[in-house]
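Whatever order the structure lists them in is the order used to number ligands and atoms, beginning at 1. This one's a predicted model, so the numbers in the text were calculated from it and none came from an experiment.
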Amino acid sequence: MDTHDTFFPAGHAVAVLTTQPLGRTLDYRAPEGGCHSGAFVEVPLGPRRVLGVVWGPAAGDYDPDKLRHVYRVLDAAPMREEMREFLTRVAAYTLTPMPAMLRLATRAPGLGDPPSMRKVYRLGDSIPDRMTDARRRVLAVLEEHEASSFTQRELAEMAGVTASVIKGLAAQGAVVEEDSPRDQPFARLDPALPGKVLSPDQEAAARAISEAVATQRYGTTLLRGVTGSGKTEVYLEAVAAALRAGRQALVLLPEIALTEQFLTRVEERFGAKPAEWHSGATMTERRRIWRMVGQGQAQLVIGARSALFLPFRDLGLIVVDEEHDTSYKQEDGVLYNARDMAVLRASICGAQVVLASATPSLESWTNAETGKYRRLELTSRFGAAVLPRMEAVDMRGEGLPANRWISDPLRRAVDERLERGEQSMLFINRRGYAPVTLCRACGHQIGCDHCDARMVEHRFLARLICHQCGESKPMPEACPSCEVAGKLAPVGPGVERLGEEATALWPGARVATLSSDMYGSARALKAEIAQIAAGAAEIVIGTQLVAKGHNFPNLTLVGVIDADLGLMGSDLRAAERTFQLMRQVAGRAGRAEAPGTALLQTYQPDHPVIRAVLDGDEEGFWKAEAAARQQAGVPPFGRMAGIILSGPDAAQVFDAGNALARRDAPLRAIGAQVFGPAPAPIARVRGRHRVRLLVKAEKSAPLQDALSRWIAQVPMKGEMRLAVDVDPQSFY
Ligand code: ADP
Ligand code: ZN
């Protein structure tokens with residue numbers, strides 16, 4: 001029961017929160033028939049109509065005679081009180097204006113449209129008389145998504161064809177046009193279907209979490225276990241417990257891990273597919289999920305980060321899989337960390353949270369140590385699989401020739417795998433062909449015109465690309481600086497160049513290079529990964545996306561080309577990230593019966609992080625890392641906030657930064673310190689100059705309140721922007 005539900009009869013003045021960037025709610029008169037608090041409405045704003053939510057009684061400071069009427073109440077489940085509280089608290093935590101929060105919570109089109117029929121298209125039985133490229137693309141899209149149907153617009157967009165191509169195919173029966181109701185409920189999931197027979201430690205963990213779910217009270221569990229230890233099976237039992245209690249469940253995954261493989265597992269467990277929320281979902285599907293979640297007719301949502309803002313009717317469980325993954329932090333727009341906000345949401349609605357990881361974040365590890373979270377461990381891999389053997393290759397003694405990156409020991413290890421018919425993976429965390437393009441005549445390095453960043457050659461796309469702003473241009477013939485032709489040379493390896501080296505070393509082997517930018521869509525990439533897992537390649541070359549939760553049963557060797565890469569730079573989480581990434585990558589090897597080996601190429605085999613990875617002494621690593629951070633008073637033992645000021649004029653940006661640094665009284669009042677202004681590590685992005693300040697405070701200090709009073713003193717003028725990043729994860 002919503003205890004705060006208020007009914008406003010027609011004509012009563014109400015406050016409406018809109019999605020428009022205004023500093024406050026707006027007052028309107030309730031429409032004919034009245035409206036409830038939380039109702040989704042359309043209101044007039046100037047000449048337009050905009051989406052809003054009835055937030056409460058009017059503030060009363062507008063001239064009551066001039067109030068306009070709410071245009072209409074939308075046919076959608078009203079926003080629940082707990083959702084309003086959640087949005088308000090996320091806004092307060094991240095210092096985000098409420099309209100931006102409402103936009104995040106309504107990311108589906110046509111929310112208020114009445115239920116109706118629409119024309120959809122699916123694959124037919126006939127073969128068209130004449131096959132054109134356009135027709136082939138349409139059929140390929142439909143074949144790829146066999147179980148789905150699309151509206152004409154969606155299909156045309158996905159296949160890159162005009163509507164007439166689809167009509168032509170329909171006329172011949174190669175695609176079938178049919179009427180379908182919008183917004184169908186999702187098929188019921190059946191928690192009573194039998195799950196797998198669990199191992200004793202899986203069983204114990206599943207029971208503990210399921211009992212917690214049954215209490216219908218808040219709690220968070222850190223579920224720790226190496227990759228392949230069966231965490232997914234455990235949390236699917238927790239999902240079953242939520243469903244049995246008649247409540248909904250949400251499983252958050254890093255976007256790239258939203259695989260068909262995973263959906264199939266859910267289907268096997270519960271007899272039907274869950275709702276799938278991610279950036280690749282069609283608009284129609286997003287709308288359907290949003291509405292059905294609100295009506296309680298989607299029991300389980302598998303989603304990326306933003307699924308956390310769906311209007312669940314009765315959420316009983318949130319799973320955050322790979323909880324340490326950096327993609328849970330949204331890095332533009334509303335800067336929130338989905339893992340942390342999941343805990344907040346659960347605490348408001350009386351739900352359980354499961355944070356699952358092989359290599360938890362130091363934040364979660366610490367919360368478990370201090371007893372804020374419960375900790376459950378799966379200690380061994382499921383079945384026969386064992387953790388890979390880890391070894392360093394000391395690159396100081398290898399003396400590789402220029403432009404070669406695969407050492408002799410690694411080469412021999414790959415040779416052995418080829419002989420035995422097993423897979424090898426070579427890992428390098430750099431997209432593109434080469435990170436630097438250098439002119440051998442004048443020493444110039446090709447940079448981006450808009451950012452202080454080098455352009456990265458992508459040979460596959462035949463372009464230079466800026467990884468900051470996405471700007472791209474063809475590779476020039478002549479040096480843009482000295483104009484000498486034919487002297488531009490790639491420096492350093494990227495994933496594509498490593499692929500080239502592998503092909504040259506093993507001409508007879510099938511080499512597959514996996515990088516997010518080499519496939520047109522996430523779906524195409526996932527399809528490729530599935531084929532590789534099924535044995536389509538003997539050598540896999542990949543960036544970090546291959547480290548994320550994929551199953552390669554025949555993979556027994558992982559070679560890390562540059563284990564030192566993440567240790568450079570001053571990021572406070574450099575050690576943690578490197579440790580996690582190396583463990584995750586190594587965890588790809590030896591998942592099935594064949595034992596695996598991980599070889600780490602490094603120039604610093606005695607570096608403490610490299611040592612910790614090799615020794616597999618996780619507990620020791622976390623303890624040492626926690627002690628170092630505690631000493632420095634940094635997260636998770638202290639609090640930080642980043643402030644990025646940006647604008648077209650460098651001097652103006654620095655002036656504003658200095659003004660903020662001088663007026664630090666509100667920060668000093670809570671014992672916080674401010675550092676900077678300093679040029680941000682990437683001092684110019686998209687032509688905007690960037691200056692950074694860093695605020696450090698004690699863990700218990702009321703940081704947000706002080707921050708808002710502090711930044712209010714220096715209003716941004718013209719094109720200047722200020723962004724606050726509470727709990728920053730990266731420092732660019
Ligand atoms: P994690 O999520 O920890 O990486 P998974 O749950 O994906 O581990 O399990 C790894 C593999 O072992 C999967 O293929 C899974 O189907 C299998 N598996 C895990 N637990 C069981 C079980 N109790 N019975 C049968 N197979 C299992
Ligand atoms: Zn750029």
Review point. Should G230 be counted as touching ligand 1, given the test is an N or O pair under 3.5 Å?
Key: yes
Exercise for review: Side-chain contact test, heavy atoms from C-beta onward, threshold under 4.5 Å: evaluate it for D340 versus L344 and give yes or no.
Suggested key: no
Study note, to complete from the structure: ligand 1 to V197, heavy atom cutoff 4.0 Å, flagged ligand atoms 22 (C), 23 (N), 24 (N)
Review point. Any idea which part of K196 is under 4.0 Å from ligand 1, heavy-atom wise: side chain, backbone, both or neither?
Key: side chain
Revision key, fill the gap. Among R265, E322, K231, E268, closest by heavy atom to atom 7 (O) of ligand 1 is R265
Exercise for review: Determine the sole option in V213, L317, L222 for which the side chain to side chain contact (heavy atoms under 4.5 Å, CB included) test with V354 is passed.
Suggested key: L317
Point to revise | Ring centres under 6.0 angstrom apart (F86, F312) | key: no
Revision key, fill the gap. Note: ligand 1 atoms sitting under 4.0 Å from heavy atoms of E233 are 6 (O), 15 (C), 16 (O), 19 (C), 20 (N), 21 (C)
Point to revise | Numbering as shown, the atoms of ligand 1 that approach V226 to under 4.0 Å (heavy-atom distance) | key: 3 (O)
Point to revise | L378 contact mode with ligand 1 (heavy-atom cut-off under 4.0 Å) | key: neither
Exercise for review: For S229 and ligand 1, answer yes if some heavy atom of the residue is under 4.0 Å from a ligand atom, otherwise no.
Suggested key: yes
Review point. Is the count of non-hydrogen atoms from other residues, nucleotides or ligands lying under 6.0 Å from R375 atom CZ greater than 12?
Key: yes
Exercise for review: For atom CZ of R188, decide whether the heavy atoms of other residues, nucleotides or ligands shown that lie under 6.0 angstrom number more than 12.
Suggested key: no
Review point. Between Y235 and F262, what is the ring plane arrangement, given parallel below 30°, perpendicular above 60°, and tilted in between?
Key: tilted
